[in-house]
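Chain identifiers are assigned alphabetically (A, B, ...) following the order of the sequence lines, protein sequences preceding nucleic acid strands; residue numbering begins at 1 within each chain.
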Amino acid sequence: MADREEFNPAKFEKKWQEKWEKEGIYRTPSKVDPKKKFYCLDMFPYPSGAGLHVGHVEGYTATDIYSRYMRMRGFQVLHPMGWDAFGLPAENYAIKTGIHPQETTNKAIKTFTSQIKSLGLSYDWQREIGTHRPDYYKWTQWFFLLLYKMGLAYKKKAPVNWCPSCQTVLANEQVVDGKCERCGTEVVQKKMDQWFFKITAYADELLEDLKKIDWPESTKEGQRNWIGRSEGALIKFSIFNDQFSNSKEGEQIEVFTTRPDTLFGATYLVLAPEHPLVNKITTSEYQEAVKKYQEETRKKTALQRSALEKEKTGVFTGAYALHPVNGRKLPIWIADYVLMTYGTGAVMAVPAHDERDFQFAKKYQLEIRPVVKPEKGEWNFDEQAFVGEGVNVNSEFLDGLKTKEAKKKIISWLEEKGLGKKDVKYKLRDWLISRQRYWGAPIPVIYCTKCGTKEKPAIIPVPEEDLPVKLPDDVDFKPTGESPLKYSKKFHEVTCPVCGAKGEGVVWRESDTMDTFVDSSWYFFRFTDPKNEKEFASRKAIKIWMPVDLYVGGAEHTVLHLLYSRFFTKVLRDAGYIDFDEPFLKLRHQGLILAEDGRKMSKRWGNVINPDDEVKKFGADTVRLYEMFMGPIKDAKPWSTAGERGIYRFLKKVWRLQYKVKKQLPKEEEERQINKLIAYVGENIERLNMNIIIARFMEFVNYYSSQPYLPFEVWKRLLLVMAPFAPHITEELWARAGLPFSIHQQAWPTYDPKMIADKKVKIAVAFDGKTRGIIEIGKDSSQNEVIEKIKGEPKLAKYLSKTPQKVIFVKNKIINFVGE
RNA sequence: GCCGCGGUGGCGGAAUUGGCAGACGCGCAGGACUUAAAAUCCUGUCCCGCUAAAACGGGGUGCGGGUUCGACUCCCGCCCGCGGCACCA
C-alpha cells in the first residue's frame, strides 16, 4: 500500500501522446475493406489568432470517441484534420499591422495543432491540408474551371451586396438581416461585374435529396426555406396605354403567382421599381413621379427596404394592363414591396386575398374584389385579406370551385390560350463567388483584348497545366475596394494562352479571389487523397472513403457550407467523377458552450474559457470527459468549473481502482454488469449520447470503490470501454496492468446478449394507479407468482385486503390493482 | 408573421416501445480525518404535512383540457424561451 501513487495526469499524458505519434497508431489504414470503412469528419476550423476554443473541443472529442470506437470495432477509419485558412480576419490584421496573412495564418495553425495534439485527439496528421497552400488551391481553381466548362460559372453585371467595411461583395448567404455576417456593417446594393456559380440549376435536386440524408430536422428545414420552392403560374397581361394603342400585340407583363385561382380578384398590377418595362410604359404625365420614386428606392439599403412594419409606398405609372380573361383595365403601379430579384419582378395584386396588396390598396384606395370565400363562416373583406383556401365566387367559370380545382382549371385555361403556364420559382439565387480581396484563391481567368475586343475582352480560362495561379507577394494591404492583386506587377505580367498577346491593358489576369466557401466546398474529397498532384483526389480514393459517414460541426453553416458542399457534390456527379449525390450521410451539430455566467463567451465580457488552461489544470482526459458530460452534444449549455472538478474527482477514483484489482473471477452478477456496460456504451456512442455513458461509468466505478476488490477481467474490460473517452489514463492503467501497448489497438470487448438479460426484475406494485412499492422477482414470473410474492410482503399486502375489480399485469414491469 | 426545436429540483441534466419521475454530476447541509486548511471519505438533499427520526399521507415534469388501469412520454387548445427565415407574390 505504501507505494500508491497519486493521480497526476501531467506525468503520463504527454508521454503517451508522443508514443502514439511515434508509433503512428492513428494513421489511416492503406488496406481498406469497403464494407468496413468509416469516414468521420469534423468541420475544419478557421485558424484564428484567438486559438482553439472549448466549442471546437466538444465536437472534436465526440468524433474522436466515435473514431476510436469504430477502430476498435475493426473498422478502417479516416479521421482527418485541416485548415480553412483563407479569409478576411488575417487580411484585416495585415492591413492594420502589415504582417503578411501567410505569416499570421501559419502561426495560428501551429498553435491550433499543438492545442489539438494536447487533447489526445486521434487525427491522422499525415493527411493534414490547408486551403491556403498552393497544392490545395490549385484544385480549388481546377473546380472553378470545371464549373466554367460545364456552363455553371459565369460572369455577369448585376446588383450585388457590397460591404463598405470589408470592401468586398458578399454572397446572399453572407448577408444576415441586411448586414455583413462578418463585421455587422449594413450592406449596400451595387451594380458590379461579378462571377457566379449556377447553384440554382440544382435547386430542385438540393431540395429533393434532403429526404435521403440523416440530418437534424432544423438544418434540413433551414435549407428548404432558403431554397424556397413555390409552385404557381406565370400569367401574361397585355399593356394598354396611348403609346401602345397602335401596336396590336403591344408589350406584355409577365407575373408569377402562387394563387392563380384568385386571378379574377386582381385589381391592379405592381412592378418592382427597377423593372425594365417601367420606363417604357410610364405615360408622360407620370414620368416625373416615377423617376423620383425609382431614385428613392435606389438609395435605400436592403435593410431599409425590407423594414418590418414599414408602410407600403408606390406610384401609379399612368399605364393599364388588360385582364387576360375579361379585358378589365387594371392600373399598373410601381412599389418597392415588389422585388426585382424574385419571380418576374412583377405581381398581379389581389388585395382581397393578399396581406400586402390589401395594405397597399387601402392606402391608395384601389379596388378590393373578393373572389374566394371561406368554406365555413363569413369574412369581412373591409377589415382584412382572406389568404386561406376556400371556394371561388365572382370568378366566372371558376365559381363554386374549391381553391385546388380552381387553380388547376385556370392554369389549363391559360395554357390553352397561350396566356400563361404552370411554373415553379425559387428564392435561391446564384452564388456570387468573387471577392475583392487578397487572401483567397485567385480566380483562374485571363482577359485578352486581342482575342476579344477593347470593349469586350475575351474570357480565357487559365489552362489546367498552368495551375495553380499563385498569389503574388508584392502587394499592399490597403482596402481600396479592389483586390490588392490588381496592383501586383508580377501578377499581371501574363501572355494570352490562346493568341500569345501580352502587355498592359492588352492582356491581364482576373484580380478577384474566390469566396472562402469555395475552398471548403470540396475539402472533404481532398482528405481522401491529400497528396495527389494529378487530381483533386483519385477516383479510387473517393470510391473507398466517400461519402462521409459522420459529420459534426456547428449549426451556423446551414445555408452556407452545407448547401454549397452538396452543390459541388452534385456537380462532380454530373461531370462523371463520382456516382453518389450526397456528401454527408449523417450530420450532427454541437451546441454553443456558454460561459459560467450563462452569456456567450466573449473577450468583451472576460468570460472565455481557454481549453489550454483547463488541460494544464486538470489534464486532457478531464477536459474531454467534462465536455462530453455537460449534456447532449446538440444543446447549448453553460460551462461549470465545479462540474469539471467533479470529473477530475471521478478520474481519481478510477485511478485508485487499480489498487483493488485482484486476479479473481467475477461473480455472476458482476459478469452480467460488465456485459451490460459494454452493450450500453456501444449503443450510446452510436447515438452520440456521451453524457449518459459517462454517468454509467460513474455508477460502475462507484460500485467497485465500495467493494473489497475488483476482478481483473472486469477491470480490463472497463478500461477498454473507457478508452475512447479518456485515452490517456486508460493507456496508463492498461500498461500498469501489464497489458501490451496499445489499448487503442485492442478489439472492442464483446458481450453475451443472453448474459445481459437480468434474471430478476423489479416490478412496481400499484393500487389504483399509485405505486406503493417495488418487489424483486424472477424474470417472466406469472401474475399469480407476483401476487403470491406481494402477499408475503406485509407493507404491500395490507393494500391487498380490498377486493380489486381488475388487475392490470404487465410482465416484468408493473402490476396494478384497480379498485372500485 | 411563418418554420424548426425546446420547457423536468437551487444548477447541468436522466427516464429504449406509455409502466418506480429526478439516474449521474454540481451545489448545499451535517459528520470523519487534520493544530488548521486543502484533498479525501461517509451521510442527507423534489416540495408540503405529521414526526425526535422514521413509518405514513398528500402534491409534483410550463398552463388548461382529453385518451388510458396508468401520461414527462400520446391527442386538442394556450403560454413562455431559443434558433432560422422574413414584403419571396
Side-chain angles (χ1 to χ4, degrees), chain A residues 6 176-178 216-226 228-230 232 255-259 262 270 272 305-310 312 335-339 341-350 353-357 359-360 425-429 555-556 558-559 589 591-592 598 626 629-632 634-647 649-650 652-653 656 680 683-684 687 689 691-700 702 705-706 762-774 795 804-810 812-819:
Chain A
E6 283 295 312
V176 178
D177 291 334
E217 192 47 41
S218 57
T219 306
K220 288 195 193 182
E221 197 55 28
Q223 293 208 349
R224 274 184 217 120
N225 288 341
W226 191 259
R229 184 191 144 102
S230 305
V255 306
F256 175 72
T257 176
T258 53
R259 292 295 298 271
T262 63
V270 192
R305 192 166 163 175
S306 67
L308 197 55
E309 296 297 332
K310 197 193 68 173
K312 307 247 171 311
D336 68 359
Y337 80 89
V338 174
L339 308 172
T341 46
Y342 183 76
T344 60
V347 302
M348 65 174 205
V350 187
H353 304 290
D354 181 281
E355 223 41 87
R356 297 147 303 180
D357 298 341
Q359 284 175 32
F360 195 78
K425 293 279 179 217
Y426 300 91
K427 285 204 284 184
L428 183 71
R429 276 170 268 159
E556 66 274 15
T558 302
V559 295
H589 299 304
L592 258 195
Y626 173 62
F629 186 62
M630 290 172 82
K634 64 170 197 299
D635 291 0
K637 46 218 171 272
W639 189 271
S640 155
T641 305
E644 193 185 7
R645 268 199 301 274
I647 291 288
R649 262 190 292 247
F650 162 67
K652 270 200 223 176
K653 279 192 197 172
R656 266 182 256 129
Y680 190 83
E683 272 165 35
N684 285 297
R687 294 180 197 147
N689 291 337
N691 55 328
I692 56 173
I693 296 177
I694 294 165
R696 279 296 281 272
F697 286 155
M698 289 170 168
E699 285 180 87
F700 203 85
N702 286 344
S705 296
S706 63
K762 285 174 179 169
I763 290 184
V765 183
F767 298 87
D768 285 329
K770 273 195 175 46
T771 308
R772 299 294 179 178
I774 306 291
K795 269 189 198 169
Q805 283 239 308
K806 204 163 130 194
V807 178
I808 311 285
F809 176 68
V810 181
N812 302 327
K813 289 246 163 97
I814 195 165
I815 187 160
N816 188 6
F817 299 89
V818 185

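Atom pair A:I694:CD1 and B:C26:P shows a separation of 13 Å (rounding to whole Å applied). The CZ atom of A:F809 sits 12 Å away from the C1' atom of B:G19 (whole-angstrom rounding). At whole-Å resolution of the value, CD1 in A:I808 and P in B:C20 are 15 Å apart. In this structure, the CD atom of A:Q223 is 15 Å from the C1' atom of B:C3, given to the nearest Å. Counting to the nearest Å, the P atom of B:A86 and the CG atom of A:D336 are 17 Å from each other. Between the CG atom of A:D354 and the C1' atom of B:A89 there is a distance of 6 Å, given to the nearest Å. Rounded to an integer number of Å, the gap from OH of A:Y337 to C1' of B:C87 is 9 Å. Distance A:R696 CZ to B:C24 P: 11 Å, rounded to the nearest Å.
Going from the P atom of B:U68 to that of B:C48 covers 35 Å, rounded to whole Å. Rounded to whole Å, the separation between the C1' atoms of B:C80 and B:C28 comes to 29 Å. Taking atom C1' on both nucleotides, B:C78 is separated from B:A86 by 25 Å, rounded to a whole Å. When the P atom is used for both B:C46 and B:C24, the distance is 12 Å, rounded to whole Å. If you take atom P in B:G64 and the same atom in B:A14, they sit 25 Å apart, rounded to whole Å. Here, B:A29 and B:A37 have their P atoms 14 Å apart, quoted to the whole Å. Nucleotides B:C76 and B:G84, compared at atom P, are 28 Å apart to the nearest Å. Comparing the same atom, C1', in B:U73 and in B:G22 gives a spacing of 15 Å after rounding to whole Å.
The ring pair (Phe, Tyr, Trp, His ring centres under 6.0 Å) check on A:F629 picks up nothing, with sequence neighbours excluded. By the salt bridge (Lys or Arg N to Asp or Glu O under 4.0 Å) test, A:R229 is found to be paired with A:D204, A:E231, residues two or more places apart in sequence or in another chain being considered. The salt bridge (Lys or Arg N to Asp or Glu O under 4.0 Å) search around A:R224 returns A:E217, A:E221, not counting sequence neighbours. Under the ring pair (Phe, Tyr, Trp, His ring centres under 6.0 Å) criterion, A:F700 pairs with A:Y704, not counting sequence neighbours.
In terms of position along RNA chain B, the nucleotide closest to A:N702 lies nearer the 5' end than the nucleotide closest to the other residue of the pair A:K652 and A:N702. Each of A:K653 and A:I814 was assigned the nucleotide of RNA chain B with the nearest heavy atom; the assignment lying further toward the 5' end belongs to A:I814.
Ring-plane geometry between A:Y337 and A:F360 is classed as tilted, the angle between the planes lying from 30 to 60 degrees on a 0 to 90 degree scale.
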Set out, in order, the CA-CA distance, both residues' side-chain angles and the distance that settles side chain to side chain contact (heavy atoms under 4.5 Å, CB included) for A:W639 and A:M630, then state yes or no. CA-CA 8 Å; A:W639 189 271; A:M630 290 172 82; 4.2 Å; yes
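The residue A:R229 sits apart from the nucleic acid: no heavy atom pair falls under 4.0 Å. Within the nucleic acid shown, A:A695 comes within 4.0 Å of at least one base atom, counting heavy atoms only. Heavy atoms of A:V338 sit under 4.0 angstrom from at least one base atom. Residue A:G228 is classed as having no contact, given no heavy-atom separation below 4.0 Å to the nucleic acid.
With the 3.5 Å cutoff on both pairing distances, Watson-Crick and G-U pairs in RNA chain B assemble into runs of at least 3 at B:1-7 with B:79-85, B:10-12 with B:24-26, B:27-32 with B:40-45, B:46-49 with B:56-59, B:62-66 with B:74-78.
Look at A:R645 and you won't find any side-chain N or O under 4.0 angstrom from OP1 or OP2 of B:A39. Taking 4.0 angstrom as the limit, A:R649 places a side-chain polar atom (N or O) nearer than this to OP1 or OP2 of B:C26.
For the pair A:D354 (side chain) and A:D357 (backbone), a donor-acceptor distance under 3.5 Å is present. Formation of a donor-acceptor pair under 3.5 Å by the A:Y626 side chain with backbone atoms of A:S640 is found in this model.
Residues A:N225 and A:K427 bring no donor and acceptor atom of their side chains to less than 3.5 Å of each other.
In the set B:C41, B:A89, B:C26, the nucleotide with an atom closest to the side chain of A:Y342 is B:A89. Listed nucleotides: B:A86, B:G84, B:A23. Nearest to the side chain of A:W226: B:A86.
Taking CD of A:E644 as the reference point, atom CZ of A:R649 lies at 11.5 Å (rounded to 0.5 Å). Put simply, CG on A:N684 and CD1 on A:I694 are 11.0 Å apart, with the number rounded to the nearest 0.5 Å.
In this structure B:G9 sits in the syn conformation; its chi angle is within 90° of 0.
For A:N816 and B:C69, a side-chain-to-base donor-acceptor distance below 3.5 Å is present, hydrogens and geometry of angles not being considered.
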Sugar-phosphate atoms are those with a prime plus P, OP1 and OP2; base atoms are the rest. Using that split, label each nucleotide of nucleotides 4-16 of chain B B, S or - for protein heavy atoms under 4.0 Å, 5' to 3'. S-------BSSS-
